[in-house]
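Each remark here refers to the structure printed beneath this line.
Both ligands and their constituent atoms are indexed starting at 1 by order of listing. Note that the numbering runs from 1 along the sequence shown for the chain. The structure presented is a predicted model; accordingly, all values stated were derived computationally and were not measured.
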Amino acid sequence: MLPIYSPVEEIQNELFKKKQLKVFIKRDDLIHPFISGNKWRKLKYVIADAHTTNKRHLISFGGPYSNHLLALACAGAMFGFKTSGIVRGDEPRKLNHQLFLCSQFGMNFIFVSRDAYRDKELLYDQYFGTDSDAYFIDEGGAGNLALPGCAELLDELTDHYDHLFLACGTGTTLAGIAMGASHRNLSTQIEGIAVLKGAGFLHTDIQNLIGTEHHYKLHLDYHQGGYAKTNMDYLNWLFKFNKTGLLLDHVYTGKMMYALFDLIKKDYFKPGSNILTIHTGGLTGLLGLNEQSATEQL
Ligand SMILES: *Cc1c(COP(=O)(O)O)cnc(C)c1O
């Protein structure tokens, strides 16, 4: 298994000082350059399960800029699995940087239309129904097996935090951490920043994963236009933040950090609070900004 190197660092900023807050970041981006951040935590027990059930071929799904597919391609290569990625959208003339990296790790691709992409079970049956080695992994590594790996992040913390902030796509990582926090009797408020527009469905999805007894809060208004969308105000803020030397991507971690700054300005936090942000990794996603206009990325 991959050793976890993910230190907690304090982020220095005049605004935090003025509002008497301490802000920290857990550097899950340092776990691995390609099996990055929450993707390693989500895949850990999935890959262990594939191993114990003697499956040698991992199949999963994602958009053409999927951090999950890259993590899977790399982890698969490292742990001796064959990997296939079912990718949403037409086969491109030239692979983008993310899929190129996946291909370096030996991942095979099947490109499918947006329509066909909706029914993942059907696609899996069509292409791999007769492959007795095949192992189904949902888009983004979502599902019950992803939860314990995400919850384990909490065991690496040595201090108490009043708030824990992270970016949410499917909400699986948040679900695992929220469940883990209540099992460990932590009073930390777990707060998710939705990166998709209209992400109210997250409440139901998270409840389906962990039930209603675990507490968390979702912020739905910091999507900046939607998944993989941006706007100039946000990008200018992000590019300025990145010049502090702590690199964030525009799809996930940038939105989370922007939200934190905005909430601090709006006096959302009690003075004296300790806030932990999670760097969920995915930095290769930033290269997508340089490849084509941000709004074309889906
Ligand atoms: C995939 C990803 C997320 C979203 O994780 P979910 O468990 O789907 O909510 C957050 N941040 C980064 C960098 C990611 O790659």
- Query: Hey, does the side chain of S60 reach the backbone of D138 with a donor-acceptor pair shorter than 3.5 angstrom?
  - Reply: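 Side chain of S60 to backbone of D138: a pair is present.
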
- Task: May I ask you to decide if Y5's main-chain N or O and R27's side chain share a donor-acceptor pair within less than 3.5 Å?
- Result: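 Side chain of R27 to backbone of Y5: no pair is present.
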
- Is the cationic atom of K39 (NZ for Lys, CZ for Arg) positioned less than 6.0 Å from the six-membered ring centroid of Y252 and within 45 degrees of its normal?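 Checked: cation-pi criterion met.
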
- Query: For ligand 1, which part of T173 has a heavy atom less than 4.0 Å away: the side chain, the backbone, both, or neither?
  - Reply: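 Looking at T173 and ligand 1, atoms from backbone and side chain both fall under 4.0 Å.
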
- Query: Below 3.5 angstrom, do we get any N/O pair linking K42 and ligand 1?
  - Reply: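 K42 vs ligand 1: N/O contact under 3.5 Å present.
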
- Query: Do any nitrogen or oxygen atoms of D249 come within less than 3.5 Å of a nitrogen or oxygen of ligand 1?
  - Reply: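 Not met; the criterion fails.
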
Protein contact to [atom] [nearest heavy atom, distance to 0.1 Å]:
atom: atom 11 (N) of ligand 1; value: T280 OG1, 2.7 Å
atom: atom 14 (C) of ligand 1; value: K39 NZ, 2.8 Å
atom: atom 10 (C) of ligand 1; value: Y252 CD2, 3.3 Å
atom: atom 4 (C) of ligand 1; value: G169 N, 3.5 Å
atom: atom 8 (O) of ligand 1; value: T170 OG1, 2.6 Å
atom: atom 13 (C) of ligand 1; value: G281 O, 3.1 Å
atom: atom 5 (O) of ligand 1; value: N38 ND2, 2.9 Å

- Message: As an exercise, identify every atom of ligand 1 less than 4.0 angstrom from a heavy atom of N67.
- Response: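 The list of qualifying atoms is 14 (C), 15 (O).
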
- Item | Atoms of ligand 1 close to T172 [distance to a heavy atom under 4.0 angstrom, numbered from 1] |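 This gives 7 (O), 9 (O) as the contact atoms.
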
- Pick one: which of F136, F111, Y127, F128 meets ring-ring contact (aromatic ring centres under 6.0 Å, His included) with F61?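 By the ring-ring contact (aromatic ring centres under 6.0 Å, His included) criterion, F61 pairs with just one of F136, F111, Y127, F128: F136.
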
- Between H97 and T284, does any side-chain donor sit less than 3.5 Å from a side-chain acceptor?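 Their side chains do not contain a donor-acceptor pair, so the 3.5 Å distance test is not met.
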
- Item | hydrophobic_cluster_shared for L70 and V87, side chain cutoff 4.5 Å |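 No: no chain of side-chain contacts under 4.5 Å links V87 to L70.
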
- Message: I177 and side-chain contact (heavy atoms from CB on, under 4.5 Å): which single residue from N38, T172, I190 fits?
- Response: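 Only one of N38, T172, I190 forms a side-chain contact (heavy atoms from CB on, under 4.5 Å) with I177, namely I190.
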
- Quick one: does G171 get within less than 4.0 Å of ligand 1, heavy atoms only?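 Distance cut 4.0 Å: G171 passes for ligand 1.
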
- Any heavy atom of C168 sitting closer than 4.0 Å to ligand 1?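 Yes, C168 has heavy atoms under 4.0 Å from ligand 1.
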
- Message: With a 4.0 Å cut-off on N to O distance, would you call D28 and R41 a salt bridge?
- Response: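 Salt bridge: yes.
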
- Query: Do the ring planes of W237 and Y234 sit parallel (below 30°), tilted (30 to 60°) or perpendicular (above 60°)?
  - Reply: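 Answer is parallel, since the angle falls under 30°.
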
